[in-house]
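Heads up: the structure comes next, in structure tokens.
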Amino acid sequence: MAVIRPFCAIRPSKEKADKIAALPYDVYNRREAKEEVAKNPDSFLKIDRAETQFEDSIDMYAKEVYQKAHDTLWEMVADGSFVKEEMSCYYIYELTMDGRTQTGITACASIDDYEQGVIKKHENTRAEKEQDRICHVNRCNAQTGPIFLAYRSNPTINAVVDVVKQKEPLYDFVSEDGIRHRVWRISEQEQIQTVESAFSSIGEIYIADGHHRAASAVRVGQMRREANPGYKNEEEFNYFLSVLFPDEQLMIMDYNRVVRDLNGMSEEAFFDKVSQILQVEPIEGQKIKPGEKGEFSMYLAGNWYRCKISPDEIPEDPVEGLDVSLLQKKLLAPVLGIQDPKTDSRIDFVGGIRGMEELERRCGTDCKVAFAMYPTSIQELFAVADAGKLMPPKSTWFEPKLRSGIFIHAL
């Protein structure tokens with residue numbers, strides 16, 4: 001059963017929370033991160049991406065960059081920009097985007113649960129991407145970016161959340177992208193015990209987003225266990241920072257595909273091929289997003305088309321039955337010759353947050369065809385993870401993104 005425990009958080013002062021909170025480190029390239037820190041010198045990006053404080057000639061993975069992250073973090077703790085809690089608490093983290101609210105519990109999850117499959121993943125990780133965060137966490141002696149976890153909604157946890165949310169929040173601010181962030185502390189011992197007990201009765205927790213951050217945090221924990229063979233399992237390095245959301249509140253957006261060429265075919269020849277494989281019809285009006293599973297919207301030569309797969313052609317296998325798998329197997333591989341979307345430079349991926357207009361724009365610049373996907377559901381994600389399988393790359397796009405810097409877990 002899951003061990004989800006409270007922790008002594010390091011968190012921003014109330015006055016600085018809105019300035020410190022930053023989008024995850026991996027949504028920016030180096031130039032964008034540097035521009036963000038120049039615009040907002042308090043942004044947590046100056047810690048999460050400490051190369052922003054160096055000339056571009058400095059390797060972003062150099063030892064001095066990680067040392068700068070460490071120094072900046074603990075200097076901000078010392079000057080009062082961050083405060084250190086004196087007792088272990090849970091926190092409620094609420095995000096509201098476009099009128100839709102999701103409310104999670106900020107806590108620490110067990111690296112043993114990760115290794116033993118209680119915390120389940122649906123993506124593979126790449127060692128080179130893990131190494132950066134391993135160095136960052138290890139040198140900072142802290143986890144600075146929470147892992148986005150999901151669980152099947154629990155009425156006991158929901159009841160505690162509803163009660164605590166009646167109080168005054170610790171933070172209440174709207175970030176530049178229009179998302180409202182509110183935080184409450186669960187500090188009463190009876191409520192803490194109730195939440196901890198409720199999580200211990202949950203058999204499965206799922207990584208929704210942050211597979212590389214999770215793998216890196218676990219690896220640092222393993223390294224510290226190796227360095228401390230007499231560890232008692234209570235040390236902070238045995239746990240990693242997380243925000244856990246009930247499944248019923250989560251929204252997965254579409255993760256769309258654009259392709260740079262038509263594999264040597266004319267637009268007419270490609271359209272004929274697609275029409276032989278799928279049911280294709282022009283889309284009239286503004287409702288161009290796919291409306292159901294097994295349906296894609298295709299943008300080709302300035303026009304939108306609805307492409308459908310017959311329900312009896314959708315496999316029951318949790319991976320093979322995903323819409324992104326169906327598109328890959330029906331069109332991308334056999335028609336466009338894209339055998340491995342992870343490595344083929346002819347395909348690119350566009351998060352649904354960027355809208356259908358971005359697909360049209362890409363087809364007007366560097367691409368020939370776009371496919372708008374029906375979003376993967378949270379239940380499909382659970383089914384893949386429960387089966388011990390992995391999703392194809394770029395299957396899920398979660399919004400809103402958790403901010404870094406609101407909660408820090410010191411090791």
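Keep in mind it's a predicted model, so treat the numbers as computed, not measured.
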Check your understanding: Do any N or O atoms from the side chain of H181 and from the backbone of Y93 form a donor-acceptor pair under 3.5 angstrom?
Key -> no
Point to revise | Distance-only polar pair, side chains of N238 and R224, donor-acceptor under 3.5 Å | key: no
Exercise for review: Could you walk me through whether S81 and D42 pass the side-chain hydrogen bond (donor to acceptor under 3.5 Å, both in side chains) test, one step at a time?
Suggested key: CA-CA 9 Å; S81 297; D42 286 322; 5.6 Å; no
Practice item. For the pair E360 and W304, evaluate side-chain hydrogen bond (donor to acceptor under 3.5 Å, both in side chains) and give the outcome as yes or no after the intermediate values. Key: CA-CA 9 Å; E360 295 179 358; W304 281 103; 2.7 Å; yes
Review point. Thinking salt bridges, do R213 and D132 make one under a 4.0 Å N-O criterion?
Key: no
Exercise for review: Tell me whether the centres of the aromatic rings in F296 and F371 are closer together than 6.0 Å.
Suggested key: no
Practice item. Could you tell me whether the side chains of S153 and E248 share a donor-acceptor contact shorter than 3.5 Å? Key: yes
Point to revise | Polar side-chain atom of K34 near backbone of F54 as donor-acceptor pair, under 3.5 Å | key: yes
Revision key, fill the gap. Partner of Y206 under ring-ring contact (aromatic ring centres under 6.0 Å, His included), picked from F148, Y114, F245, F382, is F382
**Study point:** E380 with K389: basic N within carboxylate O range, under 4.0 Å
**Key:** no
Exercise for review: Determine, stepwise, if the pair Q379 / D247 fulfils side-chain hydrogen bond (donor to acceptor under 3.5 Å, both in side chains).
Suggested key: CA-CA 8 Å; Q379 299 309 323; D247 58 343; 3.2 Å; yes
Revision key, fill the gap. Closest non-hydrogen contact found for M253 with P375 is C-CB, 3.9 Å
Review point. On the ring face of F173, is R403 found with NZ or CZ under 6.0 Å from the centre and within 45° of the axis?
Key: no
Point to revise | Worked verdict on F7 versus Y239 for ring pair (Phe, Tyr, Trp, His ring centres under 6.0 Å) | key: CA-CA 10 Å; F7 69 111; Y239 300 88; over 10 Å; no
Point to revise | Least distance between heavy atoms, R30 atom then D59 atom | key: NH1-C, 4.4 Å
